[in-house]
Amino acid sequence: MFFIKAKAMNFIEEIIEEDLKNGKNGTKVHTRFPPEPNGYLHIGHAKSICLNFGLAQKYNGQCNLRLDDTNPTKEDVEYVDSIKEDIQWLGFQWAAEYYASDYFDQLYQWAEWLIQNNLAYVDDSTQEEISLGRGVPTKPGTESPYRNRTVEVNLDIFRRMRAGEFAEGSKVLRAKVDMASPNMHMRDPILYRILHAEHHRTGNKWCIYPMYDYAHGQSDSIEGITHSICTLEFEVHRPLYDWFCDTLKIHHPQQIEFARLNLNYTIMSKRKLMLLVQEKYVMGWDDPRMPTISGLRRRGYSPESIRNFAETVGVAKRENIIDVNLLEFCAREHLNKVAQRRMAVLDPVKLIIDNYPDGQVELMNAVNNPEDPEGGTRQVHFAKELWIERADFKEDADKKFFRLTIGGEVRLKYAYIIKCTHIVKDDAGNILEIHATYDPETKSGMEQSNRKVKATIHWLSVEHAQQAEVRLFDKLFTVPEPDNTEEGKTFLDYINPNSMVVIDGFVEETMSLENTHPYYQFERTGYFCIDKDSTSQKLVFNKTVGLKS
RNA sequence: UGACCAAUGGUGUAACGGUAGCACUACAGUUUUUGGUACUGUCUGUCUAGGUUCGAAUCCUGGUUGGUCAACCA
């Protein structure tokens, strides 16, 4: 008999369990993930996705995907497609796929109802006048001169707005709430604005489009959402969310706010990420340096590791900046279990085993994954001339260095124990060749091979190794908080010029486009994956994350 | 000079009036044919001042600090 300590609940789970206990929504838990299709999803969205879909799973409920497409000037189907792909890649499936635009008719009916009940009016004020009239947070606003138009006039003008009689920006529909409210969002919020823009789903049916506050809560309501989870900045919108549900007397989901994810050494603003793409600071939304889900995917992160990350960071209401180390830890933790081991030499120097017979070639057995007993083995060619990492040899080694040095021994993994005899340099002092002798009795598997050797290094046969492009990534920004800029600078001033280093290295010859695995570990180096830029002529690898050192 | 929200090691997150725990980071050590993994250990924390209470990270009040709000964005 043993006890498992229950994992602590986050505050949203506590709310849900309390609601379940009180039968607030029966036994139902229904969430939604409501992105605006105006950019690609990032790791912050991943947290929200895991939260919303995870909650639905945990409580046997459902989670909808709802694309919040109320602003046709910013939204595009490209983004819709990428959002759906990213969510599914993360491992989640929505119960239903909806669009805020599905509700435009219903929203319009409610708007007319509000007008008829003297709770909404058409305002002809200019944008500036409206802004001025709203006042400032510390001072109440003033009522619009158009606030007391009759129901009949309002209805007539609103219908003509819909019919397309008026120019963009000339009129808006506002709710009649409270111009003196300490909450700016309650000072007669705008419900509809005129936008003569084609919508990616409704085409030219509409020229008036609802604002977020008017559309979001009602969309939740229509879908029967029980818990509407959003980020902290919407906290001040909640009274308005509640006002619409109460005023319209419709199902009233509970809005709950949590702190969005922030990661150090990167940015999370969609607008800024878009800028990086448009100004070509990166190769695209899916550049492996981007914090986007597609970027992380291309970088070689597994969905498991991202889900685990989202679970590990927790859910709370306090502002936070997560150390990117935690993300990398989650990547290693999962990749260690699943990645196929391969030998790759990224900074090669030639090792010649002088007493190894010319022309002899042996096939050495190498295990594919020591963490996976079922992982099997493969064979790697061994010969007299090998590539090893330049960093694995040191001419004047201190006590801390226990790899190859003149007169020293080292094990070639899966092969022999060798002893370095001498090196050959060019005139500039660069090492050209490292010479060694091997002990034939120490081949892996032989009794002598069990001898204690200080270090084991990886290698590749010069004759058999295949050249490959390897892209080494580092942080995109040089400072922990690129958004927290000093006077006169922008986040662009902190871009790391060395965030991508492209090198040519050698990998095992059996690796090919036809024979791939999603995750590799280059022994002793790090985790890598094959990039989409690979051709049958040349493989391209992305470094996901290095091994801990 | 408003309203709302928050405050626990370096970073996150628990403790629901009764032993401040967990993860990451950092640093040590054991094991190891990856300087990986695994395992063990160490360092470091309740913003502040009062109050309530036998007892406060937790409840109350003031302060401080941080965040959000003044798009016809979401």
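Every chain is numbered from 1 and lettered A, B, ... according to where its sequence line falls, protein lines coming before strand lines.
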How about NZ on A:K58, more than 12 heavy atoms from neighbouring residues, nucleotides or ligands closer than 6.0 Å, or not? yes
From B:U25, B:A74, B:G35, pick the nucleotide closest to the side chain of A:F329? B:U25
Walk me through it: do A:R149 and A:D124 pass the test salt bridge (charged side-chain N to carboxylate O under 4.0 Å, His left out)? CA-CA 11 Å; A:R149 295 219 255 221; A:D124 295 359; 2.6 Å; yes
Euclidean distance for C1', B:G21 against B:U46 (whole angstrom): 13 Å
Looking at B:U33, I'd like to know if its phosphate oxygens (OP1 or OP2) sit under 4.0 Å from a side-chain N or O belonging to A:K454. no
Quick note, A:T70 side chain, CB onward, closest among B:A74, B:C24, B:A14 is B:A74
Upstream residue (5' side of RNA chain B) when A:E319 and A:L412 are each assigned their closest nucleotide: A:L412
Which of parallel (below 30°), tilted (30 to 60°) and perpendicular (above 60°) describes A:H237 and A:H185? tilted
d(CD1, A:I322; C1', B:A23) in whole Å: 11 Å
Mind calculating the distance between NZ (A:K400) and C1' (B:A28) to the nearest angstrom? 11 Å
Parallel, tilted or perpendicular: ring planes of A:Y356 versus A:F382, cut at 30 and 60 degrees: perpendicular
Between B:C43 and B:G10, how far apart are the C1' atoms? Round to whole Å, please. 11 Å
Which nucleotide, B:U33, B:C73, B:U34, lies nearest any side-chain atom of A:Q521? B:U34
Identify all stems in which RNA chain B takes part, counting only runs of at least 3 consecutive pairs (Watson-Crick or G-U wobble, each distance under 3.5 Å), and give each as one range with another, ordered by first number. B:2-7 with B:64-69, B:10-13 with B:21-24, B:26-30 with B:38-42, B:47-51 with B:59-63
Non-neighbouring partners of A:K317 that pass salt bridge (charged side-chain N to carboxylate O under 4.0 Å, His left out), sequence neighbours left out: A:E235, A:E257
Between A:H517 and A:Y519, what is the ring plane arrangement, given parallel below 30°, perpendicular above 60°, and tilted in between? perpendicular
Considering only heavy side-chain atoms of A:N320, the closest of B:U13, B:A71, B:U34 is B:U13
Looking only at side-chain N and O atoms, does A:E223 offer a donor or acceptor that is under 3.5 Å from a partner on A:Y103? yes
Can you name the atoms? Protein N/O to nucleotides 2-5 of chain B N/O, anything below 3.5 Å, with the distance.
| unit_1 | atom_1 | unit_2 | atom_2 | d |
| --- | --- | --- | --- | --- |
| B:G2 | N3 | A:P137 | O | 3.3 |

Roughly how far, to the nearest 0.5 Å, is the CG atom of A:L65 from the OH atom of A:Y98? 11.0 Å
Salt bridge (Lys or Arg N to Asp or Glu O under 4.0 Å) with A:E409: which of A:R403, A:K454, A:K419, A:R451? A:R451
If you measure from the C1' atom in B:C24 to the same atom in B:U44, how many Å do you get, rounded? 14 Å
Side chain of A:P370 only, please: which of B:U34, B:C24, B:U11 is the nearest? B:U34
Considering heavy-atom distances to RNA chain B, does A:E333 or A:D213 have its closest nucleotide positioned more toward the 5' end? A:E333
How close or far is atom C1' of B:U13 from atom CG of A:D323, stated in whole angstroms? 14 Å
Aromatic ring pairing A:H45/A:F33, orientation class (parallel under 30°, perpendicular over 60°, tilted between): perpendicular
With rounding to whole Å, what would you report as the distance between B:C60 and B:A7 at their P atoms? 13 Å
Provide the distance between the two C1' atoms, one in B:U58 and one in B:G18, to the nearest whole Å. 11 Å
Between A:V349 and the options A:L386, A:I388, A:D392, the side chain to side chain contact (heavy atoms under 4.5 Å, CB included) test singles out A:I388
For the pair made of CG in A:L335 and C1' in B:A38, what is the distance, rounded to whole Å? 17 Å
With P as the reference atom in both, quote the distance from B:G17 to B:A56 in angstrom, rounded to an integer. 14 Å
Determine: side-chain N/O of A:T456 to OP1/OP2 of B:U32, distance under 4.0 Å, yes or no. no
Between B:G66 and B:C47, how many Å separate the two P atoms, rounded to a whole number? 16 Å
The side chain of A:A316 is closest to which nucleotide in this list: B:A70, B:A14, B:A74? B:A14
For the side chain of A:R524, starting at C-beta, report the closest nucleotide among B:A71, B:U13, B:G35. B:G35
In whole Å, measure the gap between the P atoms of B:U30 and B:G36 for me. 13 Å
